[in-house]
Amino acid sequence: ALGQPLISNGGNMAFRRRTVLALNPYVDNMNHPGGDDDLLMHRIALAFGPAAVVFCSDPRAMVDTPPVGALHNFLQQRIRWVSTQSAYPDPWVSGILKMVWLMQALMAVGLLASFWGGSGQVISWIGLGAWCIKGWLDGIFTRRAAGFYGIRADWSLLVLTQLWYLPYTLYAGFMGY
């Protein structure tokens, strides 16, 4: 986005062996249980410039990876991903990841404020409004991404996802930091 690579999936990456050997990326991130593919992409962009990372938009080049099979595995995968946030070579990426979690926490506080009564009601409306705006923006992004893959994103599933997303991101973020 905006000429800066943001995220990658190892199943869809291709890179030159000499690039990896020149960067020796695994020296610094061996104590992180996941994210080596994404960290490698960021190291390539940092060492050789953002133009060295190119997205191939040809759908024939996409690799499908199956989702993990159980809720426990899903949460463990997300915790592993969060645990790598401090290893990104670009401090902006780490900062953005922390800000996303902080925004989730603030939305949760806003939604829980409805139990406080009085001024908590105002805070809860702000939290609910922020949550709805975030869900709407997520929906737009998800529908665009689904369109890229030639599938249709169902708004009712997006609403259900929003109900799950807030508690799971707070949990995974808390456990992964």
Side-chain angles (χ1 to χ4, degrees), residues 1-108 134 137-149 151 153 161-162 164-177:
L2 303 175
Q4 294 291 325
L6 297 174
I7 192 166
S8 63
N9 177 318
N12 288 315
M13 289 176 67
F15 43 84
R16 289 183 172 82
R17 183 175 188 265
R18 69 176 179 263
T19 301
V20 176
L21 293 175
L23 294 174
N24 198 12
Y26 302 109
V27 169
D28 295 332
N29 66 356
M30 284 304 289
N31 42 340
H32 298 286
D36 54 328
D37 48 0
D38 205 36
L39 292 171
L40 174 61
M41 181 208 54
H42 281 276
R43 288 187 187 282
I44 290 170
L46 188 64
F48 304 106
V53 177
V54 178
F55 176 71
C56 178
S57 61
D58 186 335
R60 296 173 299 171
M62 296 297 139
V63 176
D64 289 330
T65 55
V68 294
L71 177 61
H72 173 76
N73 295 342
F74 174 83
L75 289 172
Q76 290 303 310
Q77 179 186 56
R78 295 321 194 261
I79 291 168
R80 280 194 315 272
W81 290 351
V82 170
S83 72
T84 64
Q85 60 81 27
S86 63
Y88 282 95
D90 184 346
W92 282 101
V93 175
S94 294
I96 288 169
L97 293 173
K98 289 175 183 166
M99 287 303 298
V100 166
W101 188 86
L102 180 62
M103 292 305 296
Q104 296 294 323
L106 290 174
M107 282 190 287
K134 181 221 172 279
L137 293 171
D138 284 351
I140 290 171
F141 174 78
T142 301
R143 290 178 68 112
R144 287 191 70 193
F148 174 78
Y149 290 101
I151 56 177
T161 302
Q162 291 304 309
W164 161 245
Y165 188 78
L166 186 60
Y168 112 70
T169 54
L170 291 175
Y171 174 77
F174 180 75
M175 298 303 289
Y177 284 119

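Because the structure is predicted, anything quoted here is derived from the model rather than measured.
Here the shortest heavy-atom pairing between D37 and G10 reads OD2-N, 2.7 Å. Q85 and L97 get closest at one heavy-atom pair: CB-CD1, 3.7 Å. Residues N12 and A61 approach most closely at OD1-O, 4.1 Å, considering heavy atoms.
In this structure, CG on L39 lies 12.0 Å from CG on L46, to the nearest 0.5 angstrom. In this structure, the separation between OG1 on T84 and CD1 on I79 is 12.5 Å, given to the nearest 0.5 Å. From L23, atom CG reaches atom NE2 of H42 across 13.5 Å, with rounding to the nearest 0.5 Å.
Annotation: side chain to side chain contact (heavy atoms under 4.5 Å, CB included) contacts of P167 (sequence neighbours excluded): none. Taking S83 as the reference, nothing meets the side-chain hydrogen bond (donor to acceptor under 3.5 Å, both in side chains) condition, with sequence neighbours excluded. Remark: I7 pairs with D38 by the side chain to side chain contact (heavy atoms under 4.5 Å, CB included) rule, at least two apart or across chains. Residues forming a side chain to side chain contact (heavy atoms under 4.5 Å, CB included) with A145 (at least two apart in sequence, or on another chain): none. Y168 pairs by the ring pair (Phe, Tyr, Trp, His ring centres under 6.0 Å) definition with F74, W164, Y165, not counting sequence neighbours. In this structure, the salt bridge (charged side-chain N to carboxylate O under 4.0 Å, His left out) partners of D138, at least two apart in sequence or on a different chain, are K134. With sequence neighbours excluded, the residues that form a side-chain hydrogen bond (donor to acceptor under 3.5 Å, both in side chains) with R60 are D58. The side chain to side chain contact (heavy atoms under 4.5 Å, CB included) test applied to A22 returns no partner, not counting sequence neighbours. For Q76, the side-chain hydrogen bond (donor to acceptor under 3.5 Å, both in side chains) test picks out no residue, with sequence neighbours left out.
Between the side chain of S94 and the main chain of P91, no donor-acceptor pair closer than 3.5 Å is present.
For the pair L102 and M99, the minimum side-chain heavy-atom distance is below 4.5 Å.
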Side-chain donor/acceptor pairs under 3.5 Å, residues 13-20, sequence neighbours excluded:
none

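The number of heavy-atom neighbours closer than 6.0 Å to CZ of F174, taken from other residues, nucleotides and ligands shown, is 12 or below.
Applying the side-chain hydrogen bond (donor to acceptor under 3.5 Å, both in side chains) test to every pair with at least one member in residues 62-75, sequence neighbours left out, gives no pairs at all.
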